[in-house]
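Heads up: the structure comes next, in structure tokens.
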Amino acid sequence: MGEELVRSDNEPGRPLVVLDGVDKHFGSLHVLKDINLTVHAGEVVVVIGPSGSGKSTLCRVINRLETIDSGSITLDGQELPKEGRDLARLRADVGMVFQSFNLFAHKTILENITLGPTRVRKVDAKRARQEAMALLERVGVAAQAEKYPAQLSGGQQQRVAIARALAMNPKVMLFDEPTSALDPEMINEVLDVMTGLARDGMTMVVVTHEMGFARRAANRVVFMADGEIVEENAPEHFFTNPQSHRAQDFLSKIL
Ligand code: ADP
Ligand code: MG
């Protein structure tokens with residue numbers, strides 16, 4: 001992985017994503033309860049917690065795939081607007097990788113990568129192709145550039161999805177259980193790409209059950225339960241000495 005993956009304007013330590021008193025309901029279900037979270041440039045925050053605790057919703061409100069009921073979310077100092085051009089612009093700064101790879105099935109791997117940069121960032125086609133090939137090289141799937149997603153393994157498709165997000169030159173990358181749909185033998189090839197990104201200084205929010213990755217790559221572990229951030233700490237403290245009963249209980253079940 002090269003350092004050019006990280007934007008030169010991503011001065012380390014600056015608050016990039018700030019959630020301030022964020023609340024979210026689905027009907028009568030209170031899924032995010034007064035969430036306060038700051039992710040600094042260059043920081044890797046791993047979010048863990050039981051199923052249904054609000055982890056995916058947390059990711060989705062950060063690029064406004066879901067609206068919020070109260071509180072505010074700022075990206076690099078700018079509050080996320082409800083809609084319109086400013087929202088599209090801010091959203092383009094947030095790369096998202098989902099459990100299901102969501103590649104465009106009828107486009108080649110290379111086209112999957114160049115689409116966003118040419119349409120949204122207005123990069124010219126030749127340069128977009130060159131940059132796409134460099135990214136595919138980095139994630140180890142350059143040889144598949146002319147193939148279609150269905151011809152690739154799950155691990156390869158997810159690495160393409162990461163390359164596609166990176167091609168937009170995002171300020172922050174969100175990963176929502178990126179390895180949960182993969183066969184076990186493919187999990188590490190995806191985690192290795194993510195670990196490389198983390199080492200290069202990419203700002204990342206990662207929802208995962210891969211505790212090895214959390215120990216290795218996270219600067220901070222955020223533990224959620226029932227829509228709340230119950231506890232957050234450096235991984236070496238969180239895993240060896242969880243403070244809350246809910247975190248202790250969760251860890252006893254998964255470790
Ligand atoms: P997690 O990712 O931690 O498993 P989610 O954020 O997906 O949790 O979900 C939190 C809660 O919100 C769950 O109870 C889930 O069923 C509910 N939920 C999520 N999305 C929706 C939706 N679009 N409409 C209604 N309820 C939802
Ligand atoms: Mg989820």
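The structure displayed is predicted, hence computed values, not measured ones. Both counts, for ligands and for their atoms, begin at 1 and track the order of listing.
- Between the side chain of E43 and the main chain of H40, a donor-acceptor pair closer than 3.5 Å is present.
- Under a hydrophobic clustering in which Ile, Leu, Val, Met, Phe, Trp and Tyr are joined whenever their side-chain heavy atoms come within less than 4.5 Å, directly or via other members, M194 and L182 fall into the same cluster.
- Between the E111 side chain and the T108 main chain, a donor and an acceptor come within less than 3.5 Å of each other.
- Take D20 and apply the salt bridge (Lys or Arg N to Asp or Glu O under 4.0 Å) test, not counting sequence neighbours, and it matches no residue.
- Closer than 2.8 Å to the Mg ion (ligand 2) sit the protein N, O or S atoms S56 OG.
- Side-chain atoms of K55 never come within 3.5 Å of backbone atoms of V206 as a donor-acceptor pair (strictly under, hydrogens ignored).
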N/O donor to acceptor pairs below 3.5 angstrom from side-chain atoms of residues 210-217, sequence neighbours left out:
none

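- Two different hydrophobic clusters hold L197 and V39 under the rule that ILVMFWY side chains link at heavy-atom gaps under 4.5 Å.
- Proximity of a side-chain donor or acceptor of Q243 to a complementary backbone N or O of V230 within less than 3.5 Å is not detected.
- For ligand 1, residues of the protein lying within 4.0 angstrom by heavy-atom distance are F26, L29, V31, P50, S51, G52, S53, G54, K55, S56, T57.
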As a quick check of understanding, evaluate side chain to side chain contact (heavy atoms under 4.5 Å, CB included) for L19 and V17, giving each step before the final call.
CA-CA 7 Å; L19 286 83; V17 182; 3.7 Å; yes
